[in-house]
Amino acid sequence: MTDSEIEITADLVRDLLQEQHPDLAGLAIREVDGGWDNQQWRLGDELAVRMPRTERAPDLQRKECRWLPVLAPRLPLPVPNPVRVGEPSACFPRPWTIMTWVSGEPLDHASISRVDHAADTLASFLRALHVEAPAEAPISSDRGAHPKECTDGFEHFFKAVVPGGIADEVRAVWDDAVAAPEWESPPVWVHGDLHPANVVVSDGTLSGVIDFGDMFAGDPAWDLAAAWVVLPAGAASRFFDVYARADEATVRRARGLAALKSLFLMLMGQNGARGLPGGKPAWGPAGRAALDRVLRGGPM
């Protein structure tokens, strides 16, 4: 899942800080579980160093550095904000960033107990995020399309992980999303990758959203899938009531995309259980629980 041939260690991070940001080099450095594109190190109590380890990661970081300062001031939850930019050097050939640290535990290692509060919080966050995006906003090459354009991915995940006993139900949800009308309003800002590892929890409720590298301008259904993928059972109805902007077609697309994302999480969990590169063992149970919520949720 990574293509960096350079081992990213605490010593390397320290050397880069001393070279380019010496005023921060005395802070404690602790490695943090991260995603595929970036290896993350906590820097002191309030900052994080994000080191790219894939070819696409620098572009994702540049996108965050360009747009998060624009979006963050009007969002009601903490999100990472760029503080410093690291330049390529003899120590490390790619740009890297220092971001603010978002406190809390990622949901794939925690749980939500204050269900109504979490539903209200996520809905309010997405209401604030989902405003019309400017013409120069980024678009996505691998997400953001109508579900009918994602059938190859669905079929791949479906064949890999769906138990036979629920296959017909899962396909029915997907077919309904494929049949739903397209998003015809102006493109809005979309996080694009809301799943349990990209939201953080404190005191039993959502306390932050992280990893905006995939953000784009497009159909909000890609984020509204979080009503099932992120929130506990029974919360989707309250979420959509508070969000109050999703018509029937958007909810249908969102539910199908929630099924797609759930299958992806299950596949990553399966890969993790098998010890395959890029696998995430904790994502399997999270994905299956999300899929159960999708199947029980029904149309709003």
Side-chain angles (χ1 to χ4, degrees), residues 32-35 40 42 45-46 48 68 71-81 99-131 189-212 215 220-246 250-251 254-255 257-259 261-262 264-266 269 280-300:
V32 179
D33 286 341
Q40 184 160 270
R42 190 166 181 180
D45 293 329
E46 299 180 356
L68 278 174
L71 297 175
R74 58 180 173 78
L75 297 177
L77 284 176
V79 300
N81 236 327
M99 312 284 283
T100 55
W101 176 261
V102 178
S103 296
E105 189 77 8
L107 183 56
D108 59 334
H109 293 287
S111 62
I112 292 171
S113 57
R114 298 164 60 194
V115 178
D116 288 350
H117 188 279
D120 294 353
T121 300
L122 181 61
S124 298
F125 176 84
L126 291 180
R127 278 180 62 91
L129 176 63
H130 291 167
V131 299
W189 279 112
V190 179
H191 178 282
D193 199 23
L194 287 178
H195 60 71
N198 285 342
V199 297
V200 296
V201 175
S202 300
D203 299 322
T205 190
L206 297 180
S207 58
V209 178
I210 60 176
D211 198 350
F212 281 73
M215 67 177 137
W222 281 80
D223 281 352
L224 298 177
W228 295 278
V229 176
V230 169
L231 295 176
S237 180
R238 182 181 180 109
F239 166 86
F240 281 107
D241 285 345
V242 175
Y243 181 79
R245 294 180 185 166
T250 301
V251 174
R255 188 170 175 235
L257 291 167
K261 291 169 181 257
S262 299
F264 169 75
L265 293 172
M266 291 168 64
K280 304 284 186 179
W283 290 14
R288 181 53 198 265
L291 185 61
D292 288 344
R293 293 192 291 269
V294 169
L295 298 181
R296 292 198 305 266
M300 294 295 104

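It should be emphasised that the depicted structure is a prediction, and the values quoted were computed from it without experimental measurement.
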Between V251 and L224, is a side chain to side chain contact (heavy atoms under 4.5 Å, CB included) present by the stated rule, with each step listed?
CA-CA 8 Å; V251 174; L224 298 177; over 6 Å; no

Using side chain to side chain contact (heavy atoms under 4.5 Å, CB included), reason through T121 and R114 one step at a time and then give a plain yes or no.
CA-CA 11 Å; T121 300; R114 298 164 60 194; over 6 Å; no

Check step by step if side chain to side chain contact (heavy atoms under 4.5 Å, CB included) holds for M215 and L129.
CA-CA 11 Å; M215 67 177 137; L129 176 63; over 6 Å; no

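In plain terms, the two heavy atoms of M266 and R288 that are nearest each other are CG-N, 3.5 Å. Of all the heavy atoms in L265 and G287, the pair that sits closest is CB-CA, 3.6 Å. Summarising the geometry of L75 relative to L71, their closest heavy-atom pair is CG-O, 3.3 Å, with the distance given to 0.1 Å. Here the shortest heavy-atom pairing between L77 and V209 reads CD1-CG2, 4.1 Å. The minimum heavy-atom distance linking S262 with L291 is given by the pair OG-N, 3.5 Å.
In E105, the CD atom is crowded: over 12 heavy atoms of neighbouring residues, nucleotides or ligands sit closer than 6.0 Å.
Rounded to the nearest 0.5 Å, atoms CG (L257) and CZ (F264) are 14.0 Å apart. Between L194 atom CG and D223 atom CG the span is 4.5 Å, to the nearest 0.5 Å.
At least one donor-acceptor pair closer than 3.5 Å links the side chain of R293 to the backbone N or O of L231. A donor-acceptor pair is defined here as one N or O able to donate and one able to accept, closer than 3.5 Å; no such pair exists between the side chain of K261 and the backbone of A226. In this structure a side-chain-to-backbone donor-acceptor pair under 3.5 Å is present from R42 to D45.
Checked against side-chain contact (heavy atoms from CB on, under 4.5 Å), S111 has no partners two or more places apart in sequence or in another chain. Evaluation of the side chain to side chain donor-acceptor pair (under 3.5 Å) rule for D241 yields no partner, not counting sequence neighbours. With sequence neighbours left out, T250 forms a side chain to side chain donor-acceptor pair (under 3.5 Å) with D247, R253. Every residue meeting the side-chain contact (heavy atoms from CB on, under 4.5 Å) condition with A258, not counting sequence neighbours, appears here in chain and number order: A225, W228, V229, V294. Residues satisfying the side chain to side chain donor-acceptor pair (under 3.5 Å) test with W283, not counting sequence neighbours, are D108. Partners of F212 by ring-ring contact (aromatic ring centres under 6.0 Å, His included), not counting sequence neighbours, listed by chain and number: H191. Residues forming a side-chain contact (heavy atoms from CB on, under 4.5 Å) with V200 (at least two apart in sequence, or on another chain): V102, S207, I210. Considering only residues two or more places apart in sequence or on other chains, D120 meets the side chain to side chain donor-acceptor pair (under 3.5 Å) condition with R238.
Applying the ring-ring contact (aromatic ring centres under 6.0 Å, His included) test to pairs two or more places apart or on separate chains, those with a residue in residues 100-130 are H130-Y243. For residues 195-209, there are no salt bridge (charged side-chain N to carboxylate O under 4.0 Å, His left out) pairs, not counting sequence neighbours.
Residues V199 and L122 are not in side-chain contact: their nearest non-hydrogen atoms beyond the backbone lie 4.5 Å or more apart.
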